[in-house]
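Working notes, beginning with the structure itself.
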Amino acid sequence: MNSPLIKLPVTTREGVFIAHYSETGLTGLDFPKLSKRIPSARISGGNPSKPMAGQIRRWHRATTAALKSILGGRAAKTFPPFDWSGKTKFQQAVWNEMLKLGPGETRSYGEIAEAIGKPKAVRAVGGACGANPIPVLVPCHRILAANQKIGGFSGGLKWKMKLLAREGVGFI
DNA sequence: GACAGATGAAGGA
DNA sequence: TCCTTCATCTGTC
């Protein structure tokens, strides 16, 4: 496994997201804690060597820029490397498929299942979406249920609706 | 090995 | 048209 894990705050208009980094890339992204005070910006959880810290700062800039772009309803220009070690091939296939979606572009769980060559694994796709550690950047909010129904969202439907509204996506 | 899940489709009222 | 039920597949415990 990868360690240590570095946590860095990403301040946006929507609140402060917490990005988690390992030695190989971004491992996770936490939604802002609603109605909580904004934590002070500091590196915590690890003690990276100097070259590592510089690299993580670069990744963090990319994460911040990508997050702000997506929250603004625009496509992210660059992404940090994602660290999906420990995740299953199936989950990675689902998330890679989601990364191909641009702003305002949506797919159904069934379409994602079909795209990865497992057209009947629709429920499993839902499970992979729920296991997505990097919401927003890996746009699981762009996955709708059949007939444009909103479905569910691990970070809370409120976020899903907000993100989709930003991108001008209509849903039921 | 059993169970649960962010689905989808079909059938009945 | 809406609701209920069931089939299907994968991940997790």
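Computation of the quantities below employed the complete heavy-atom set of this structure, encompassing side-chain atoms and omitting hydrogens, waters and symmetry-equivalent molecules. Sequence lines set the chain letters: A, B, ... in the order given, protein chains first and strands last, and positions in each chain run from 1. Since the structure is predicted, the reported quantities are computational estimates derived from the model, not experimental observations.
A cation-pi arrangement, defined by a distance under 6.0 Å to the six-membered ring centre and an angle within 45 degrees of its axis, is present between A/Lys162 and A/Trp159.
When ring centroids are compared, A/Phe153 and A/Phe31 come within the 6.0 Å threshold.
Candidate nucleotides B/dG8, C/dT8, B/dA6 were compared by shortest atom distance to the side chain of A/Ala145, and B/dG8 ranks first. Residue A/Ala124 places its side chain closer to C/dT10 than to any other of C/dT10, C/dT8, B/dA6. Listed nucleotides B/dT7, B/dA6, C/dG11 differ in distance to A/Phe90; the shortest reach to its side chain belongs to C/dG11. Closest to the side chain of A/Ser154, from the set B/dA6, B/dT7, C/dG11, is B/dA6.
Straight-line distance from the CG atom of A/Asn147 to the P atom of B/dG8: 8 Å, rounded to whole Å. As rounded to whole Å, 19 Å separates atom P of B/dA6 from atom CG of A/Leu163. Straight-line distance from the CG atom of A/Leu144 to the P atom of B/dA6: 16 Å, rounded to whole Å. Between A/Trp95 atom CH2 and B/dA6 atom C1' the separation is 14 Å, expressed in whole Å. Between the CZ atom of A/Arg123 and the P atom of C/dC6 there is a distance of 14 Å, given to the nearest Å. Protein atom CE of A/Met161 is 16 Å distant from nucleotide atom P of B/dA6, rounded to whole Å. When rounded to the nearest whole Å, the span between CD1 of A/Ile172 and P of C/dC2 equals 10 Å.
Within the 4.0 Å cut-off from OP1 or OP2 of B/dA6, not a single side-chain nitrogen or oxygen of A/Gln91 is found.
For residues 100-122 of chain A, proximity to DNA chain C is found at A/Lys118, A/Lys120, A/Ala121, defined as any non-hydrogen atom under 4.0 angstrom from a strand atom.
Shown here are the side-chain hydrogen bond (donor to acceptor under 3.5 Å, both in side chains) partners of A/Arg123, two or more places apart in sequence or in another chain: there are none.
Across the strands present, B/dG8 finds its partner in C/dC6; the criterion is a Watson-Crick or G-U wobble pair with both atom distances under 3.5 angstrom.
Listed for the A/Lys68 side chain is no donor-acceptor partner under 3.5 Å among the backbone atoms of A/Thr12.
Salt bridge A/Arg142/A/Glu167: present, at least one basic N to carboxylate O contact under 4.0 Å.
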Full working for side-chain hydrogen bond (donor to acceptor under 3.5 Å, both in side chains) between A/Asp83 and A/Thr27: CA-CA 5 Å; A/Asp83 178 6; A/Thr27 62; 5.8 Å; no
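Taking the six-membered ring where the residue is Trp, A/Phe79 and A/Phe82 present tilted rings, their angle falling between 30° and 60°.
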